[in-house]
Structures are given as structure tokens and as C-alpha cells.
Protein chains: 2
Amino acid sequence: MTVLVNGLAEERVPALDRGLQYGDGLFETLRLRDGVPLLWDRHWARLQRGLAALAIGGLREEDCLADLQRAAGPGSALAKLIVTRGSGPRGYAPPAGARPTRICAAEPESLRPAPGPLRFGLCRTRVAASPAPGCKHLNRLENVLARAEWAEGWDEGLMRDGAGRVVCGTQSNLILIDGDAMLTPALDRCGIRGTRRDWLLDRLRSEGVAVREALLPLGQLRAAGAWFFCNTRIGLRAAVPLFATRPARAPHPGLLALLQGLGEELDALG
Amino acid sequence: MTVLVNGLAEERVPALDRGLQYGDGLFETLRLRDGVPLLWDRHWARLQRGLAALAIGGLREEDCLADLQRAAGPGSALAKLIVTRGSGPRGYAPPAGARPTRICAAEPESLRPAPGPLRFGLCRTRVAASPAPGCKHLNRLENVLARAEWAEGWDEGLMRDGAGRVVCGTQSNLILIDGDAMLTPALDRCGIRGTRRDWLLDRLRSEGVAVREALLPLGQLRAAGAWFFCNTRIGLRAAVPLFATRPARAPHPGLLALLQGLGEELDALG
């Protein structure tokens, strides 16, 4: 793995960096081909939303792109770009003169979809309201604790909010087909708006498919006929619950074919 | 400021440390006198609760004490001890073989209570349900964003949960006296159980004062007659809201005197 800190080959960061002290920062997970990040505009847009929400200034797009290109090298790579508020004195108050820290780590990886659908269980750890809804900030203990719940044979874990409504996978977004309806959890209070999720929603809408965004009761998820998870690393993958379901309505064949086709298109990107 | 990483004079930590990657860790803020942390048993107990909640093993009390003593040196000092899950490969899954990272930073500081009560405003940033309620974990973006809201003249900011009930200050716990009642927000869903808060509650109970723990409607806070904040750094301090109040019941003079006396006792500790 290649690690750069503020563009320099360096595997350490200051202990007083606020990313470590408070999780005061953001990150992006990216696929690259020959140093070019896929769907960069979406990653950069989300990063900018997060920077605005946290009032972190002074990050230059060209620096991020240069870090990613240098860390990833030729071929297919998976990279993580962290941007923190930088170092500061003791205390929660964001220091006026802080300069953001960029941490970029990348390693070669090709997309290797395992055969068969992802199997997913139900996590006990709940998703609380996010201090920066939809943004990919560094406060990710919920995901860590939910991921630690995975049992033997799980490929993903389903997370719910405090009221028991379905929000996301521990590391991916969820899309359902319930009869004639395409559904995905609303992420305006909690969760992360995935770049692949938003790409899929935009493409679906441009095909005339209205995707309903709502926090879904678990019963509705159980009754759906087709489940999918998506993220940067896996693309779009069909999934099956490891808990009891009672599919009530067969997924509309046209919707199913459309979504599967978009998944293949996503894979073809990189 | 003196910084130690795993006991060594070192101001940097690995960029892949999970404390930075996910906020996967805990911290304590401590006062020390001549290298001895005050109320250590309470700090250590809270740290152990947090380690258990996060399933982080392998931290030795003697290592923490040695770090604190060495970083603080003689005289009065304020220290922060961070314990993370340590480094690991990509992904939320806690690595089986991780060894915790200790980061200890200390600087000399004497307790200098400013004259007059703390003035506190009302923050918009809400406190969500914590993945490890009461524990002092590293996911502190809410506190950072609330602290950034402080306006000119604020000494503290009041934080509420999603339902608008009062939980805490941005960096301290709250205690109210409302007539004959001593009240403090319940912290079983969100917030941090402060060592000074718990010390005060134990002492009050041993004096026969039942402190009611509940999430308080803002209206009840407005109607109370006496407000206090407490934490390691400030001890116990009287406070006055910077927003409209309508105190309905004068604080019971005996309760007020008892609490003020305990505050002086706290100050005398160090």
C-alpha cells in the first residue's frame, strides 16, 4: 500500500491532528484506472458538501487528484482519500488558522465479483442522526461496531435507525424492488449518500423510473422481491437476506433487467 | 506540550491508525498533580467501560499511568490520553490482531476559575444516540460543530437531543436546581458521563440528596433557578443562560450551599 500525507511519501500524521482527536474530517473511497479516479465529479461533489458542512476550507482539487494519481500508479487501484481539518491546540473549537491534512492510501485491486448474491444479516447497532447527513465524515464507530457483528457467511449487514427503519448496509447503500416500485432508504438524516447509489438513481430517473426515497420499515424490506447493495468497491450486487422474508410481490421484470444492466455498466467503468 | 505515543517521545502516529480512520477509540482528559492523575479510579473505570463497549483489549493500566506521569511532569498539569484500536488493513472490520495505540499529551496548567458565572447559549447542533452511550469515544464531530456555534461572550453551549431535550454542554455536564429538586440529564442514550458529574452525584447521594436523572425539556431548564456545568478542567461552575428564562422556583438554599461546597471540594482536589 502506498501512503501519502499532504502529497509526500509519509506513513505518519501528527498525533494532534483533529482527524484523530475528534474524527474532524471526511473521506472518499475511490476506484482508479491508470491514475484516473472513476466518477471523480461525484466524489469531489460529496467531499465539497462535507467540507462545507464542517466549514473546512483550503482544500484544492488538483492536490487531491495529484495525490490519487501518484498513490495509485498504473492499472486498477482502490484508494482512500482522507481530508481532516488539520492540527490544532487542545479543545473542540476549530482553530482559525488550521490547514487541512490530506492522507491518501492506495493499493492495486481489480474488480472481482464473487459468484452468487451477497448474503446479508441484520445488525443490532443502529444508525443515529448524522451531524453532517449524507456526508462521509470520519465518525464511523457505528459502522465499525456493526461490521464487528457480522457472523459466519455474512457478506453485508443491514443497519436500521433508532426507530427500526432500514437505512443502509454497514459499508454500502441498499436498493429494493418491491413489485412495480424501486425503493432506496432516504439519507437526509443519517447514512452516507454513496456515489454509486446517486449514479444509479440519476440513471434510473433518466430512464423514467421514479425511485422512492424513504426510511423503510423492516417489514417492507422482508416483503420485497429483490435486494441490491452498491458501493465503490463492489459496484451493484444482488443480495439475499439471511433472515426470514415473505416476498409478497414479484419484482417487475423490466425494472430488474434495467437495474442489472446499470450494474453491468457500473462494472464496465472500472 | 509533551506528546508520547505508546510511551515514547513521538509526535506522530501511523496514518492507518483506526483512531484516525474511523474514530475507533476513546479518550480521557485528566488533571494531574505531580504526575498523579486526580480521580484516576473514575477515569480508568470509564475507559474500561468504553474499551468493553468497543471490544478493544490489551490495554494495561500501568502503561497509562506511566505515560501520564512522564508526560505531565511535576506540578499541575492537564493531560489527554487517547486509546485507539491500533492500525489495521482497509475496512471497518476490527482486525483480530490489533494492538491498541496510546497517545498521551500533557501541558502545565493551574486551575484558574474566572470570576463570575459561566454564560451559556443554545446550540443548534443536536446530540444523537451514541454508539457507546456515556463513553468518551473519539466520534466527536457533534461537539466540534456545537463548539463552532459559540458566539461572542459564550463560555459554554447547551446541547439537546433530536427531540429537543437538554443533554449536556458542548464540553461539560449540566446540573440544575429547580426548587427542591436536583436534576441532571440522563446519559443512557447519548452524551458522556463525566468523571466530575459522577463524583458529584455520588457525593450528593451520600448526603441524602436524590438527584433525578432525566432528559430535560428546555422549558424545565428555563424555569430552574440555578444552573451548573462541570468537567475535569473547570470543576463545578455556576452558570447563567444567555437566552430567555423564567425561573419559577427559587433554588432550595440548602441544596445550593451543598452543591457549592462540593464544588470547592472538587477544586481542592487539584
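In what follows, chains are A, B, ... by sequence order, proteins preceding strands, each numbered from 1. On a predicted model such as this, the values are computed, not experimentally measured, just so you know.
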Between B:A129 and A:A128, the two heavy atoms sitting closest are O-CB, 3.2 Å
The interface call for B:L138 against chain A, heavy-atom contacts under 4.5 Å, is both
Honestly, the part of A:L141 sitting under 4.5 Å from a heavy atom of chain B is both
The interface call for A:E107 against chain B, heavy-atom contacts under 4.5 Å, is side chain
Pair count under 4.5 Å, heavy atoms only, with chain A: among B:R126, B:Q171, B:K80, highest is B:K80
Bottom line for A:A55: the part with an atom under 4.5 Å from chain B's heavy atoms is neither
To the nearest 0.5 Å, atom OH of A:Y22 lies from atom CG of B:L145 at 13.0 Å
Nearest heavy-atom approach of A:I82 to B:Q21 is CD1-NE2, 3.5 Å
Honestly, the part of B:V144 sitting under 4.5 Å from a heavy atom of chain A is both
Note: vs chain A, highest number of non-hydrogen pairs under 4.5 angstrom among B:V3, B:L54, B:T101, B:V127 is B:L54
Distance col, row B:L20:CG vs A:T84:OG1, nearest 0.5 angstrom, shows 7.0 Å
Assert top hit (heavy-atom pairs under 4.5 Å, partner chain B, pool A:M1, A:E11, A:E10) equals A:E11
Return yes when atom CZ of A:R49 has more than 12 non-hydrogen atoms of other residues, nucleotides or ligands closer than 6.0 Å, and no otherwise. yes
Cut-off 4.5 Å, heavy atoms of chain A, and the answer for B:P94 is side chain
One should read off an interatomic distance between B:E109 CD and A:R90 CZ, to the nearest 0.5 angstrom, of 5.0 Å
Checked B:D24, B:T125, B:L16 vs chain A; the most non-hydrogen pairs under 4.5 Å come from B:D24
Checked B:V5, B:D17, B:L78 vs chain A; the most non-hydrogen pairs under 4.5 Å come from B:L78
One option among B:G91, B:A93, B:G19 has the most heavy-atom pairs under 4.5 Å with chain A, and it is B:A93
Applying a strict 4.5 Å limit to non-hydrogen atoms, the region of A:R85 in contact with chain B is side chain
Okay, B:A132 and chain A: the region with an atom under 4.5 Å from a heavy atom over there is neither
Bottom line for B:R18: the part with an atom under 4.5 Å from chain A's heavy atoms is side chain
